[in-house]
There are 2 protein chains.
Amino acid sequence: MDREVAQGRVLDAAEELFYSRGIQTVGMDDIRGLSGVSLKRLYQLFGTKDQLVDAYLERRDLRWRQRLADHVEACGDPEGRIIAVFDWLGQWFNEPGFRGCAWINSYGELGTTSTTIATQARRHKQAFRRYLEKLTTDAHLPHDLAEHLLLLAEGAMVTAGIFGTPGTAAQARAAAGLLLESAKQARPPLPAR
Amino acid sequence: MDREVAQGRVLDAAEELFYSRGIQTVGMDDIRGLSGVSLKRLYQLFGTKDQLVDAYLERRDLRWRQRLADHVEACGDPEGRIIAVFDWLGQWFNEPGFRGCAWINSYGELGTTSTTIATQARRHKQAFRRYLEKLTTDAHLPHDLAEHLLLLAEGAMVTAGIFGTPGTAAQARAAAGLLLESAKQARPPLPAR
DNA sequence: CCTTCGAGAGAACCATCGTTCTCCTCCAAT
DNA sequence: ATTGGAGGAGAACGATGGTTCTCTCGAAGG
């Protein structure tokens with residue numbers, strides 16, 4: 001089997017297992033079993049479990065943000081893009097196997113023990129925050145709104161994850177709409193300037 | 001040592017260790033070391049690690065909600081009480097050793113593995129939600145507002161925990177204020193009825 | 001055909017951990 | 001004073017898991 005193919009299979013298995021069951025609960029042997037890649041090769045490819053976790057979170061971060069951006073950019077107007085973030089969250093929450101945010105979960109599990117995971121979680125959340133800031137900037141709205149939207153989104157991920165209620169995204173979307181209106185009134189659109 | 005004293009010391013040690021380092025990372029031996037209660041007695045008092053975790057979360061839930069309620073009830077008017085929730089969050093975030101929400105963290109770690117923890121997390125979050133609903137009802141505001149506030153609060157806990165920025169509570173408070181205004185405009189106070 | 005090297009299966013190794021057991025001590029009741 | 005039982009210190013046990021090692025096989029190159 002090709003080196004890259006093996007890496008992909010390992011990462012696929014790691015993602016499925018780590019995301020659904022947590023990190024400490026999953027053994028390297030489980031990943032070997034699901035991926036079909038031998039332990040020897042697995043260690044050859046990733047070094048240690050810690051590095052494998054790192055690679056898993058890294059790849060998931062890229063894909064997660066890409067999927068979000070793909071959905072959001074499909075929306076034409078700046079304000080619509082902001083709301084689209086919450087629509088996408090709703091889609092995500094509805095996917096089978098949704099179990100909350102991988103970074104929040106990992107951070108809760110090992111944030112104080114593993115600097116690898118703490119760093120990945122902060123980087124991911126920071127990137128998400130910057131993306132929201134970009135969206136609000138594009139809509140000529142203040143950064144405070146971005147921070148408020150971040151809190152709503154994080155709260156929705158947590159709540160939908162714990163209760164298994166994908167509809168939480170709609171609530172977050174509604175709240176986001178209200179905050180957006182609020183922000184628009186405080187700083188009206190360009191024609192008013 | 002008295003039975004109740006021993007139980008208290010064990011729970012104190014369990015809380016300090018489980019909250020700061022996570023559950024799987026902490027061994028029963030660590031709890032013995034910090035509490036000064038022998039392993040034998042420890043198992044006599046709590047049966048299994050799982051039951052100890054349960055007792056820890058149970059006690060923390062009671063105390064957490066009590067502290068919140070104590071702070072909130074000190075505020076006279078209904079709308080002020082709603083905002084007071086976020087002030088209290090700010091105080092909590094500023095306490096030394098703050099590491100996010102114990103239930104969110106525990107759920108992220110073992111929510112899919114331990115039904116004990118999943119149940120505790122859902123119960124705690126449900127109780128918090130009901131409390132917010134009570135506060136909004138008292139202020140003659142709709143339940144939707146309570147749900148929005150819940151999302152803000154959860155988001156604030158997560159964000160403050162991951163980034164270590166207690167100021168997040170102020171952002172949540174500001175957003176809560178905006179949503180409160182929004183809700184008041186949608187359903188004005190009694191005189192208008 | 002032979003050699004060599006990479007890879008797989010799985011045992012082995014070592015540490016950790018939940019839980020129990022042993023042995024010893026101490027104190028209270030007789 | 002004796003005894004009995006509770007409790008402490010810590011070893012022991014069995015399971016698990018991260019990591020490495022051994023043995024074997026098969027394929028590629030001479």
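Note that this is a predicted model, so its numbers are computed, not measured. Reminder, nothing fancy here: chain letters follow the sequence lines and each chain counts from 1.
- Taking the salt bridge (Lys or Arg N to Asp or Glu O under 4.0 Å) definition, one finds that A:R9 meets it with nothing, sequence neighbours left out.
- Between B:R130 and B:Q126 the shortest side-chain heavy-atom distance falls below 4.5 Å.
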Under-3.5 Å N/O pairs linking protein and nucleotides 4-8 of chain D:
unit_1: D:dG7; atom_1: OP2; unit_2: B:Q44; atom_2: NE2; d: 3.0
unit_1: D:dG8; atom_1: OP2; unit_2: B:S38; atom_2: OG; d: 3.0
unit_1: D:dG8; atom_1: O6; unit_2: B:K40; atom_2: NZ; d: 3.0

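- Under the rule for a side-chain hydrogen bond (donor to acceptor under 3.5 Å, both in side chains), the partners of A:D50 that lie at least two apart in sequence or sit in another chain are A:T116.
- For A:R99, there are no side-chain hydrogen bond (donor to acceptor under 3.5 Å, both in side chains) partners at least two apart in sequence or on another chain.
- Look at NZ on A:K49: it is 8 Å from P on D:dT19, rounded to the nearest Å.
- DNA chain C is contacted by B:V26, B:G27, B:M28 of residues 10-31 of chain B, taking any non-hydrogen atom closer than 4.0 Å.
- Atom CG in A:L45 sits about 13 Å away from atom C1' in C:dG8, given to the nearest Å.
- When all heavy atoms of A:C75 and A:G80 are compared, the pair lying nearest together is SG-C, 3.6 Å.
- Distance, B:L39 CG to D:dA11 P: 12 Å, rounded to whole Å.
- To the nearest angstrom, P of C:dT20 lies 16 Å from CZ of B:R32.
- The interatomic distance linking B:L42 (CG) with D:dA9 (C1') rounds to 14 Å, in whole Å.
- Taking atom CG on B:D50 and atom C1' on C:dC17, their separation rounds to 15 Å, with Å as the unit.
- A cation-pi geometry, defined here as NZ or CZ lying under 6.0 Å from the six-membered ring centre and within 45° of its normal, does not hold between B:R60 and B:F18.
- Under the rule for a salt bridge (Lys or Arg N to Asp or Glu O under 4.0 Å), A:R63 has no partner lying at least two apart in sequence or in another chain.
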Steps toward side chain to side chain donor-acceptor pair (under 3.5 Å) verdict (B:Q66, B:D70): CA-CA 6 Å; B:Q66 187 62 52; B:D70 285 347; 2.9 Å; yes
